Amino acid sequence: RIRPLSSKWKTAWNAFCNHSKHAWFWHTTDWIASQTRSTRQCPAVSDSFLVTYNKEVQAICPLIRLSVDDRIEYRFESPAIAADPVGINRETLIKKVYEHIDELANKHNVVRTVGVISALTEHQRSSTKTHNIFQKFGYFDTTINTRVIDLRQEFESIQEEFRSSYLTDL
């Protein structure tokens, strides 16, 4: 069953994050809350959701809807999927998660979706293979490197180097 992230599921969501090799801080409800504190520059809303089986979390997807330069876009961390999902095949579960992202995007008139595969999850750090799962579901590979910021600069100067869609990250 697909459920929107709500206060009822917050504890189970964070427990899943704490035990998953595919999740890290950017999957937690604290991170989602920090991203949805709207600013005039980039108003944001959480469309985050989880998949459960008999009330046990099988997958989570932190999904943030932003209004950027008069268009609506999604930003999300790669969904975290249970290592051994209960009641569903892992590949089927992954497909179900990405299909739901597409359904929500259509519902909210999202014109651009940006996904992140974090090198900081235990799974990515320990993996000898890298692959971009987004491509399997029709996303373009626009891989970019992580940016190093020189914090000796004035904050306004740092802001000028970023696209408006990334200002909430600062």
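No experiment lies behind these values; they were computed from the predicted model shown.
- Both Ile88 and Val51 belong to a single network of hydrophobic side chains, linked directly or stepwise wherever heavy atoms of I, L, V, M, F, W or Y lie under 4.5 Å apart.
- With a 4.5 Å cut-off on side-chain heavy atoms, Arg1 and Gln58 do not count as touching.
- Considering every non-hydrogen atom in both Pro4 and Leu50, the closest pair reads O-CD2, 3.9 Å.
- When all heavy atoms of Pro79 and Tyr98 are compared, the closest pair comes out as CD-OH, 3.3 Å.
- Rounded to the nearest 0.5 angstrom, Ile2 CD1 and Glu103 CD are separated by 6.5 Å.
- In His108, the NE2 atom is crowded: over 12 heavy atoms of neighbouring residues, nucleotides or ligands sit closer than 6.0 Å.
- Shown here for Gln35 and Ala44, the closest heavy-atom pair between the two residues is O-CB, 3.2 Å.
- A donor-acceptor contact shorter than 3.5 Å is absent between the side chain of Arg90 and the backbone of Asp84.
- Of all heavy-atom pairs spanning Asp47 and Leu104, the tightest one is O-CD1, 3.8 Å.
- The main-chain N or O of Glu56 is never found under 3.5 Å from a side-chain atom of Asn54 such that the two would form a donor-acceptor pair.
- In this structure, CD1 in Ile81 is found 8.5 Å from OG in Ser20, a value given to the nearest 0.5 Å.
- One finds the SG atom of Cys17 at 13.0 Å from the CH2 atom of Trp31 (value rounded to the nearest 0.5 Å).
- Remark: the backbone N or O of Ile72 is not paired with any side-chain donor or acceptor of Asn109 at under 3.5 angstrom.
- Put simply, the side chain of Thr36 gets close to the backbone of Ile32: a donor and an acceptor are under 3.5 Å apart.
- To the nearest 0.5 angstrom, Leu63 atom CG is 11.0 Å from Leu5 atom CG.
- Remark: the backbone N or O of Phe49 is not paired with any side-chain donor or acceptor of Trp9 at under 3.5 angstrom.
- Distance check, rounded to the nearest 0.5 Å: CZ of Arg71 to CG of Leu66 gives 10.0 Å.
- One finds the CG atom of Asn89 at 12.0 Å from the NZ atom of Lys96 (value rounded to the nearest 0.5 Å).
- The minimum heavy-atom distance linking Ser48 with Trp13 is given by the pair CB-CH2, 3.8 Å.
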